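Please read the structure below before turning to the comments.
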Amino acid sequence: MQLSEQEIVRREALQKIIDMGINPYPADSFEINTNSTEIEENFELSEDAYQNISIAGRLMMKRIMGKASFAELQDDHGVIQIYVSRDDICPGEDKALYNDLFKKLLDIGDIIGIKGRAFKTKTGRVSVHVESLKLLSKSLKPIPIVKEKDGVTYDGFSNPELRYRQRYVDLIVNPEVRSTFEKRSKMVSAMRKFMTDSDYLEVETPVLQPIYGGASARPFTTHHNTLDQKYYLRIANELYLKRLIVGGYKGVFEFAKDFRNEGMSRYHNPEFTMMELYVAYKDVYWMMDYLEEMIEYVAEATTGSTTVTVGENEINFQRPWKRYTMYEAIKEYTNIDISEMDEEQLRKTAKELHIEIDDSMGRGKLIDEIFGEKVEPLLIQPTFITDYPIEMSPLAKKHREHEGLVERFEVICNAKELCNAFSELNDPIDQRERFEKQIELGKRGDEEAMVLDEDFLNALNYGMPPTAGIGIGVDRLAMIMTNQPSIQEVLFFPQMKNLES
RNA sequence: GAUCGCGUAGCUCAGCUGGUAGAGCAUCUCCCUUUUAAGGAGAGGGUCCUGGGUUCGAGCCCCAGCGCGAUCACCA
């Protein structure tokens with residue numbers, strides 16, 4: 001491996017540290033009793049409380065001025081300035097700990113632990129006067145030095161490829177990145193709390209599935225050696241969660257990593273997180289109310305407000321959200337009533353709206369195209385769209401009133417689909433017919449058509465209670481809640497092409 | 001998958017019409033007991049993404065490839 005000048009210097013420093021009799025990677029715990037933010041915020045209120053500080057973190061900056069130095073230490077909360085004076089950390093004749101170790105051999109990026117007392121400098125910054133210092137881990141590669149003043153970032157570490165490939169560096173030097181992922185975690189916790197407080201059971205179901213189902217997508221395939229059997233990585237967990245409802249649980253949910261072997265973009269990663277929830281004895285209208293309440297709660301818990309800034313927009317999650325049927329939404333935004341149109345009339349309408357269509361599109365697909373082109377981009381505030389055409393929803397129950405529709409809703413928010421929900425189809429005979437239609441589509445070359453899952457039908461044959469189900473795109477929701485423009489910014493390790501050595 | 005853009009020091013970026021490879025921070029050396037975007041002064045550091053081609057001469061022009069980003073298509 002080719003070492004850079006700076007890496008060579010650091011390896012030399014490492015050897016000198018070892019030669020001094022200091023272990024650069026000690027094994028023992030370093031006890032921490034506070035953190036940077038707590039000291040900074042509370043020091044003036046209770047100075048006495050911060051006279052025996054013990055904190056640890058990464059050295060981010062050194063300002064050496066002879067026999068005394070300032071440095072910046074970054075822990076998991078933030079950055080605090082530390083003051084190191086030679087005669088305080090080396091009270092005797094031997095000044096090596098300061099002159100050699102601190103001044104010369106410790107580098108930016110090294111992890112150290114310090115003990116000391118808080119004080120305020122002449123310029124008024126709360127700092128820690130170091131009384132003892134211990135090297136906890138030597139860093140052999142230089143980190144980018146990012147500086148910031150009055151909101152302006154200097155020398156930022158901003159190359160997206162480097163940031164994603166080496167997320168650890170990104171997290172070290174870009175505090176706002178750390179904060180984004182903390183928010184995502186809060187968001188997931190809030191969702192989980194909301195559902196467990198409703199007495200629903202968090203479950204885990206197989207990722208390796210002999211038959212993939214529950215969504216329309218192309219799967220990844222893999223192979224089990226001992227069984228000598230082909231497996232698919234799940235594209236959804238819907239059919240497994242419904243089996244659990246058949247088994248008698250009132251409500252089950254799972255935060256599921258799903259895998260879809262399709263294109264990548266700033267909205268699509270090959271693996272992504274979907275939260276699916278199924279609740280027995282409920283329908284899609286109940287689910288609308290439940291979802292509204294949950295997302296309002298999650299926004300508040302994640303961002304501290306029910307109004308979230310996303311790009312240029314302010315998105316308000318406060319209940320109630322707008323509700324349209326698919327037909328109403330299209331009428332609202334195009335002034336065209338398509339509710340009574342047959343396939344030919346729809347085709348003509350789509351052409352008039354300059355929407356690209358092809359002959360393979362049926363009635364459902366045509367409606368979906370018109371909606372996707374003319375309505376969805378305009379829906380910024382969270383909006384329910386209900387009553388979807390049956391052709392596109394093989395797992396949803398037929399509409400209780402309208403022929404050709406299903407009991408389904410999607411929520412569109414920031415011009416993107418956020419979730420998808422049904423009154424779940426529990427009629428096993430109807431379900432079998434729907435699967436068979438999908439098989440026909442598959443035979444006609446639709447690579448995303450669903451496959452028939454005989455065991456799932458077997459489960460339905462035993463009887464599934466009427467059930468409301470929903471899938472929420474967790475990454476998409478995280479993008480909104482953290483105001484990030486791409487999915488890569490809310491995944492720690494977005495998928496990247498391998499670099500050849 | 002298609003189109004466009006980008007790839008230069010550890011990081012962020014300049015680099016003119018094709019004529020000796022540049023800056024800031026980081027690094028190294030020296031000075032300095034309350035500095036702060038960077039304390040002061042000086043020095044070193046390059047596979048210009050890779051491989052071909054054109055040319056007396058290529059970071060720059062041409063061809064092919066790799067990676068990333070943006071837009072589109074498919075989807076969540």
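In what follows, every chain begins at residue 1, and chains take the letters A, B, ... in the order their sequences are listed. Note that the coordinates shown come from a computational prediction; the quantities given were computed from them, not determined experimentally.
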Requested in this report: For G45(B) and G10(B), measure between their P atoms and round to the nearest Å.
Outcome: 13 Å
Report task. For a ring pair (Phe, Tyr, Trp, His ring centres under 6.0 Å) with Y200(A), tell me which candidate from F194(A), Y290(A), F253(A) qualifies. Result -> Y290(A)
**Report entry** Any residue of residues 386-396 of chain A with a heavy atom less than 4.0 Å from an atom of RNA chain B
**Finding:** none
Query raised in the report: Touch check for S158(A), heavy atoms < 4.0 angstrom, all strands: base, sugar-phosphate only, or nothing?
Result: sugar-phosphate
Query raised in the report: Heavy atoms under 4.0 Å, any strand shown: does L418(A) hit a base, just sugar-phosphate, or nothing?
Result: nothing
**Report entry** Separation between the C1' atoms of C28(B) and G44(B), rounded to whole Å
**Finding:** 7 Å
**Report entry** Distance below 4.0 Å between R165(A) side-chain N/O and C68(B) OP1 or OP2
**Finding:** yes
Query - A58(B) versus U17(B) - spacing of their C1' atoms, nearest Å - result: 14 Å
Report task. Look at the aromatic rings of F70(A) and Y83(A) and report parallel, tilted or perpendicular, splitting at 30° and 60°. Result -> tilted
Requested in this report: Mind running side chain to side chain contact (heavy atoms under 4.5 Å, CB included) on I385(A) and F371(A) for me, showing each step along the way?
Outcome: CA-CA 10 Å; I385(A) 305 295; F371(A) 178 79; 3.5 Å; yes
Requested in this report: Classify the nucleic acid contact of R266(A) as base, sugar-phosphate or nothing, counting any heavy atom under 4.0 Å across all strands shown.
Outcome: sugar-phosphate
Query - Flag for N237(A)-E254(A): side-chain donor and acceptor within less than 3.5 Å - result: yes
Query raised in the report: Which of the following nucleotides, G69(B), U12(B), U35(B), is nearest to the side chain of P160(A)?
Result: G69(B)
Report summary line: Per atom distances to the I108(A) side chain, the nearest of U34(B), A76(B), A26(B) is A26(B)
Query raised in the report: What nucleic acid atoms does K365(A) come within less than 4.0 Å of, heavy atoms only: base, sugar-phosphate, or nothing?
Result: sugar-phosphate
Query raised in the report: At under 4.0 Å between heavy atoms, what does K497(A) touch on the DNA or RNA strands: base, sugar-phosphate, or nothing?
Result: sugar-phosphate
Query raised in the report: Base, sugar-phosphate, or nothing for F119(A), non-hydrogen atoms under 4.0 angstrom?
Result: base
Quiz: residues 139-157 of chain A side-chain donor-acceptor pairs under 3.5 angstrom, not counting sequence neighbours:
unit_1  : atom_1 : unit_2  : atom_2 : d
S139(A) : OG     : R10(A)  : NH1    : 3.2
S139(A) : OG     : K141(A) : O      : 3.1
E148(A) : OE2    : G151(A) : N      : 2.9

Requested in this report: Considering only atom P, compute the distance from C25(B) to A37(B) and round it to an integer number of Å.
Outcome: 13 Å
Report summary line: Once base and sugar-phosphate atoms are separated, protein heavy atoms under 4.0 Å mark nucleotides 40-48 of chain B, 5' to 3', with B, S and - as ----BS---
Query raised in the report: Just to confirm, is there a sub-4.0 Å distance from OP1 or OP2 of A37(B) to any side-chain nitrogen or oxygen of K147(A)?
Result: no
Query - Within the 6.0 Å centroid threshold, strictly below: F492(A) and F181(A) - result: yes
**Report entry** Electrostatic pair K16(A):E12(A) at N-O distance under 4.0 angstrom
**Finding:** no
Query raised in the report: Taking atom P in both U35(B) and U71(B), what distance in whole Å separates the two?
Result: 48 Å
Query raised in the report: Which part of the nucleic acid, if any, lies within contact of N159(A), taking any heavy atom under 4.0 Å across all strands shown: a base, the sugar-phosphate backbone alone, or nothing?
Result: sugar-phosphate
Query raised in the report: How many angstroms lie between atom CD of E176(A) and atom OG1 of T482(A), to the nearest 0.5 angstrom?
Result: 12.0 Å
Requested in this report: Any strand is fair game: report the nucleotide pairing with C16(B) by Watson-Crick or G-U wobble, both distances under 3.5 Å, or none.
Outcome: none
Report task. Indicate, with a heavy-atom threshold strictly under 4.0 Å, whether M496(A) touches base, sugar-phosphate, or nothing. Result -> sugar-phosphate
Requested in this report: Name the nucleic acid region contacted by D87(A), choosing base, sugar-phosphate or nothing; use a 4.0 angstrom heavy-atom cut-off, strictly under.
Outcome: base
Report summary line: Applying the 3.5 Å cut-off to both distances, the Watson-Crick or G-U partner of G45(B) turns out to be none
Report task. Could you verify whether a donor N or O on one side chain and an acceptor N or O on the other, from S69(A) and Y98(A), lie under 3.5 Å apart? Result -> yes
Requested in this report: Quote, to the nearest angstrom, the C1' distance that separates A14(B) from G59(B).
Outcome: 12 Å
**Report entry** Between U50(B) and G7(B) - C1' atom distance, rounded Å
**Finding:** 11 Å
Query - C1'-based separation of G46(B) from U8(B) [nearest Å] - result: 8 Å
**Report entry** Ring-base stacking, Y154(A) with G24(B) (5.5 Å, 30° cut-offs)
**Finding:** no
Report summary line: Considering only heavy side-chain atoms of I145(A), the closest of U36(B), A26(B), A38(B) is A26(B)
Query - R63(A) side-chain N/O to A38(B) phosphate OP1/OP2 under 4.0 Å - result: yes
Requested in this report: Using a heavy-atom cut-off of under 4.0 Å over every strand shown, decide if G473(A) touches base, sugar-phosphate, or nothing.
Outcome: nothing
Report task. Ignoring hydrogens and angles, state whether a donor on the side chain of R408(A) or N420(A) is under 3.5 Å from an acceptor on the partner side chain. Result -> yes
